[in-house]
Amino acid sequence: MSSFKIAVFLSGNGSNLQSLIDTKKINNDHSLNISVVFSNNKNALGIKRAKENNIPFFTLDPKKFNSREAFDEAIIDKLKDFDFDLLVLAGYMRILSEKFVKTYEDKIINLHPSLLPKYPGLNTHEKIIENKEIHHGATVHFVDSGLDTGQIIGYSKFEVNDYDLTSLEQKVHEIEHKLLPLICSLIKNDEIKFIDKILTINGLEYSNGKEYIF
Ligand code: GRF
């Protein structure tokens, strides 16, 4: 069986890239490969992680382009050198142009640190604290041209006991490090399908995504 290949986009730390690498190692899974890592930030720790694990990578500096469209066009061009079945946004802190989303329609997933549709965008942990939310968590969704609005695939939540930024961040990361590898592997195994904008998981339709309890 030929391996399922993923491209990972990131902007910083890359702990979620690491979780994909580690899960693959732990499961000795040769059927899933990270074929390329891209970052808009050449100093991202995630790029160092890619290097250390012999994963091909490239970076482009958005400041060198006149528009979002031109930047994304250059990424599309570079991506032609790599083969991938799924593009994973794991801490990629840029909004994608419509053209980019269309080019890889229904092949891009994003990891978001909140229980969508609540709290799209930035500073989700701060908003949880501000609004004294009872639950927090992480969501993986397909990417459409809106901000964190695409079809929700899966999410995992926890009860907030401590309204503290560092501890919320840490708890969300813990969840993400399980949720993202799991969803990638379910997509790889064709257990998650997204056909004609209908999400099915093991044959059942989930219009609001599926909850995963870890
Ligand atoms: C994660 O919390 C993810 O949900 C958000 O950015 C963060 C990236 O973390 N989109 P890392 O770079 O993978 O450590």
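Whatever order the structure lists ligands and atoms in, that order sets their numbers, starting from 1.
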ask   = Tell me, do Phe38 and Leu60 make a side-chain contact under 4.5 Å, heavy atoms counted?
value =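 Yes; the side chains approach each other to less than 4.5 Å.
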task = Report yes if some heavy atom in the side chain of Phe4 is under 4.5 Å from a heavy atom in the side chain of Ile6; otherwise report no.
result = yes
Which residue supplies the protein heavy atom nearest to [atom], what is that atom called, and how far is it?
atom: atom 14 (O) of ligand 1; result: Ser15 OG, 2.6 Å
atom: atom 9 (O) of ligand 1; result: His173 NE2, 3.1 Å
atom: atom 3 (C) of ligand 1; result: Glu176 OE2, 3.3 Å
atom: atom 10 (N) of ligand 1; result: Leu111 O, 3.1 Å
atom: atom 6 (O) of ligand 1; result: Gly91 CA, 3.4 Å
atom: atom 5 (C) of ligand 1; result: Pro113 CD, 3.8 Å

Lys188/Asp85 salt bridge by N-O under 4.0 Å criterion = no
task = Flag the pair Glu133 and Lys127 as a salt bridge only when some basic side-chain nitrogen lies within less than 4.0 angstrom of an acidic carboxylate oxygen.
result = no
Derivation of the side-chain contact (heavy atoms from CB on, under 4.5 Å) call for Phe58 and Leu79 = CA-CA 9 Å; Phe58 66 96; Leu79 282 177; 3.9 Å; yes
Per-atom contacts, ligand 1 versus Asn13 - under 4.0 Å to a heavy atom =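 So the answer, numbered in order with elements, is 12 (O), 14 (O).
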query = Which atoms of ligand 1 have any heavy atom of Gly14 under 4.0 Å away?
reply =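 Once the distances to Gly14 are compared, the set is 11 (P), 12 (O), 13 (O), 14 (O).
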task = Before signing off on this row, confirm whether Tyr92 and ligand 1 have an N or O atom pair separated by under 3.5 Å.
result = no
request  = Report the part of Glu169 in contact with ligand 1, treating N, CA, C, O as backbone and CB onward as side chain, heavy atoms under 4.0 Å; options are side chain, backbone, both, neither.
outcome  = neither
message = Ring centres under 6.0 Å, that's the criterion: do Phe84 and Tyr104 meet it?
response =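 So the answer is yes for these two rings.
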message = Pairing donors with acceptors under 3.5 angstrom, does anything connect the side chains of Asn28 and His30?
response = yes
request  = Using non-hydrogen atoms of the residue, decide whether Leu10 is closer than 4.0 angstrom to ligand 1.
outcome  = no
